[in-house]
*Asks:* 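Starting off with a structure, shown below.
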Amino acid sequence: MTAVAGWIRGIGPLVSRIVAALFGGYALAALASVAVLALPMSKPQAVLTGMLASFAVYAGAVIWVFAARSARRAWTGLLVVAAPLLLAAWSVW
Amino acid sequence: MGNPRVKTDRKPPPAGRPAAPGIRQSMSGLHTWVGLLLGWVLYAMFLTGTVAYFKDELSQWMRPELPHQTEVPDQALVAQRVADALVAIAPGSPQWSLRLPDARNNSVYAFWRTAAAPGQRGFGEASFDPATGRKVTSRETMGGDFFYRFHFQFHYMPVIWGRWIAGVAAMFMLVAIVSGVITHKKIFVDFFTFRWGKGQRSWLDAHNALSVFGLPFHAMITYSGLVTLMALYMPWGEQAAIRTPAERQQLTAELSAFIQPGKPSGETAPLASIEDMVRHAQERWGRDNVGRVTVTHAGDAAARVAVARGEAGRVSMSPQYMEFEGPTGRLLAVHEGVGAAAETRGVLYALHLGRFSDSVTRWLYFLVSLAGTAMVGTGLVMWTVKRRQKLADPERPHVGFRLVERLNIAGIAGLSIAMAAFLWANRLLPQGMADRASWEIHGFFIVWALTLAHAALRPARTAWIEQLWTAAALLALLPVLNAATTRRPLWHSLAEGDWVFAGTDLLCWGLAGLHAVLAIRTARHQPRLRPARKPDRDPMAGAALRKGEA
């Protein structure tokens, strides 16, 4: 009985985390790859740096999402990191 | 799929340690599921990619009509010969490019853009005999390139889809590596632990040893794999920053030695001596170390020639080339350096492909990459071994378990059979058959599908044993088939010092032995369905689970 209840309570946050990892993580990585353009270096080098680093950002985001104590904290963490990146990306787009 | 089963992974480690706080358990769950979901895709990518380290050798083996190359021919002469052929074959082509033979490659691969109607982008390609400059006449085959292409773009689908699937799988792999390391607290100690014949623990120890032994390689190969196609996966920075054709040109120049065709002048002017240009490059980079010659608008006064450095002797794929004016042969520029980020990409790219390797390094690449394949394979098998003990009724496992079990058989043992069948098809399909190269590939997939059907119909253990023996037999008999169907049997190639053929034959026997050992061990293994230690793990599980989920 408790197992069933636990499963129902468990599935929502789990789906939320999976979405956060797959799509939130990709969005964060993409955002980071654009934010790099705000750094003082030539355009081709900045573009390539952003691409190179993006997969580390993505992997880090996925790990964070599943390491965080709750799904809500996982999302909050992603948004907190996204905010400054968004500002940087905004300045160059 | 199977969300309820996530729980089973959140148990504390069995050895009686106190229930660890969340992170190690959640990472363990993440590791299990990212590893499993695309595990078979990853296994196939790993194994075909591993074999692709010998793709040039395999391509030679699959074209037995081409003579064994005893020494690298003078690249300058070859370049001129094939360039003359291309001028005749592809008049008015805006760009053509040829890859010169080197120590591993006995033919010249060339492709050209056809001067098709505007808006169309047609391509032609062919392999040329370096000695004659004529098109190679050998059986039609994709050779080792099939495994190479398959490992990042699969088949029967648009290449872009395949590359995206490969990218998602590689990303899963990267997450599996990081979460696996976090899960694994005693990573160094466990490397020296091996418990033979202990069922699940042996699988775990094997998985750990294979993973830790090759960890730097596995991490490198996964990340660099993503880097090879990063412009596809992460185009956003490029889209934001690169807006003009000049900027695009600047970026391309950081990545590639293919010079882009500009506008033709419309004035005809024959090409100057390609031989002299390649000589010039040989002086700079060594006699056998010119890689590629690219020509734009050959025959036009605006023609340009790029002669690129070979891949040996440096661990980087970033472009290094000399640029010449086509009609005069005057050296316009030497491109030898790119920016730091571009060089980083070039190094990662080269590390992934391993084309810089001499034969010892290449064998190391092959072996450690095989360990990576085995890491994925043992991980997949462990999923079932771990769960078989907990099945309510081992005679009638639930559908998820059966699915994984059967996919493992076809994905692991079946893939070996299919790959061997591809080589059999190369020797057995009649020459001159229509679409011969495609039928070799269809053969691979037909056989692979048959192994899946076999795995679904037979009892699991029997299916493993039968498929492993089939793979062993197909591999063991390949050198025999080669001896029967070509004029280059093993004794002949050994006597000639033809290590491409002898090496392939001997490697087939080595791999046949490996499959036979696995088949024998599987046959001897007696699974214990009700292990004695089961009771001591369960009481903790519920509590830890509820904690983990909170």
Side-chain angles (χ1 to χ4, degrees), chain A residues 2-15 17-18 21-22 25-27 29-39 41-71 74 88-93, chain B residues 3-4 6-7 22-24 26-27 29-31 33-34 167-168 170-179 182 222-223 225-227 230-243 247-248 250-255 338-346 348 542 545-546 548-550:
Chain A
T2 48
V4 175
W7 180 68
I8 292 165
R9 259 186 292 123
I11 186 125
L14 184 63
V15 170
R17 281 190 208 236
I18 291 172
L22 279 178
Y26 184 83
L31 201 55
S33 75
V34 177
V36 170
L37 297 174
L39 294 177
M41 50 174 140
S42 77
K43 269 187 185 180
Q45 299 309 314
V47 166
L48 295 173
T49 305
M51 288 179 182
L52 285 166
S54 65
F55 307 110
V57 175
Y58 197 171
V62 175
I63 296 295
W64 158 252
V65 162
F66 284 95
R69 246 181 293 145
S70 68
W90 198 266
S91 70
V92 290
W93 191 278
Chain B
N3 283 317
V6 171
K7 294 172 174 182
I23 176 104
R24 204 151 276 132
S26 50
M27 286 302 111
L30 181 61
H31 180 75
W33 290 98
V34 293
V168 173
M171 210 48 233
F172 272 53
M173 181 79 207
L174 187 59
V175 170
I177 289 175
V178 177
S179 57
I182 298 172
T222 307
Y223 207 93
L226 287 162
V227 166
M230 64 184 188
L232 172 68
Y233 302 141
M234 280 292 164
W236 313 111
E238 188 181 340
Q239 287 185 6
I242 309 294
R243 292 170 189 279
E247 284 173 335
R248 172 146 310 281
Q250 242 187 336
L251 180 64
T252 309
E254 295 283 290
L255 305 176
V338 294
E343 192 60 40
T344 307
R345 172 225 173 240
L348 284 169
L545 167 66
R546 259 164 258 126
E549 289 289 288

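The structure presented is a predicted model; accordingly, all values stated were derived computationally and were not measured. So that the names make sense, note that chain A is the first sequence line, chain B the second, and so on, each numbered from 1.
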*Asks:* Check B:Val175 against A:Ala59 and note the closest heavy-atom contact, atom names and distance.
*Replies:* CG2-CA, 4.3 Å
*Asks:* What part of B:Glu254 gets closer than 4.5 Å to chain A, counting heavy atoms only: side chain, backbone, both or neither?
*Replies:* side chain
*Asks:* What option among B:Leu348, B:Leu255, B:Leu226 has the most heavy-atom pairs under 4.5 Å with chain A?
*Replies:* B:Leu226
*Asks:* A quick test of your reading: do over 12 heavy atoms of other residues, nucleotides or ligands sit less than 6.0 Å from CH2 of A:Trp64?
*Replies:* yes
*Asks:* Tell me, for A:Ala56 versus chain B, whether the close heavy atoms (under 4.5 Å) come from the side chain, the backbone, both or neither.
*Replies:* both
*Asks:* At a heavy-atom separation under 4.5 Å, does B:Ala253 approach chain A through its side chain, its backbone, both, or neither?
*Replies:* neither
*Asks:* Between B:Arg24 (side chain) and B:Ile182 (backbone), is there a donor-acceptor pair under 3.5 Å?
*Replies:* yes
*Asks:* Is B:Leu251 in contact with chain A via its backbone, its side chain, both, or neither, using a 4.5 Å heavy-atom distance?
*Replies:* both
*Asks:* Taking all atoms of both residues into account, what is the closest heavy-atom pair of A:Val65 and A:Arg17, and its distance?
*Replies:* O-NH1, 3.0 Å
*Asks:* Listed by chain and number, what are the side-chain hydrogen bond (donor to acceptor under 3.5 Å, both in side chains) partners of B:Tyr223, not counting sequence neighbours?
*Replies:* none
*Asks:* Take B:Arg345 and B:Met230 through the side-chain contact (heavy atoms from CB on, under 4.5 Å) test and state the conclusion after the steps.
*Replies:* CA-CA 10 Å; B:Arg345 172 225 173 240; B:Met230 64 184 188; 3.7 Å; yes
*Asks:* With a 4.5 angstrom heavy-atom cut-off, is it the side chain or the backbone of B:Arg243 that approaches chain A, or both, or neither?
*Replies:* side chain
*Asks:* Among A:Ala30, A:Ser42, A:Ala32, A:Ala68, single out the residue with the greatest number of heavy-atom pairs under 4.5 Å to chain B.
*Replies:* A:Ala30
*Asks:* May I ask you to decide if A:Leu22's main-chain N or O and A:Tyr58's side chain share a donor-acceptor pair within less than 3.5 Å?
*Replies:* yes
*Asks:* Can you confirm whether B:Tyr233 sits close enough to B:Val227 that some side-chain heavy atom of one is under 4.5 Å from a side-chain heavy atom of the other?
*Replies:* no
*Asks:* Among A:Thr49, A:Val36, A:Ile63, single out the residue with the greatest number of heavy-atom pairs under 4.5 Å to chain B.
*Replies:* A:Ile63
*Asks:* At their closest point, which heavy atom of A:Ser33 faces which heavy atom of B:Met234, and how far apart are they?
*Replies:* OG-SD, 4.4 Å
*Asks:* Please round to the nearest 0.5 Å and tell me the distance separating atom CD of A:Gln45 and atom OG1 of B:Thr344.
*Replies:* 8.5 Å
*Asks:* Which one, B:Met171, B:Gln239, B:Glu247, leads in non-hydrogen pairs under 4.5 Å with chain A?
*Replies:* B:Met171
*Asks:* So for A:Ala71, is it side chain, backbone, both, or neither that comes closer than 4.5 Å to the heavy atoms of chain B?
*Replies:* neither
*Asks:* Among A:Val34, A:Val62, A:Leu48, which residue forms the greatest number of heavy-atom pairs with chain B at distances under 4.5 Å?
*Replies:* A:Leu48
*Asks:* With only heavy atoms counted, which part of B:Met27 is less than 4.5 Å from chain A, the side chain, the backbone, both or neither?
*Replies:* side chain
*Asks:* Counting only non-hydrogen atoms closer than 4.5 Å, does A:Leu52 touch chain B with its backbone (N, CA, C, O), its side chain (CB onward), both, or neither?
*Replies:* both
*Asks:* Is A:Leu31 close to chain B through its backbone or its side chain, or both, or neither, when contacts mean heavy atoms under 4.5 Å?
*Replies:* neither
*Asks:* Using non-hydrogen atoms only, which part of A:Ala29 is less than 4.5 Å away from chain B: side chain, backbone, both, or neither?
*Replies:* both
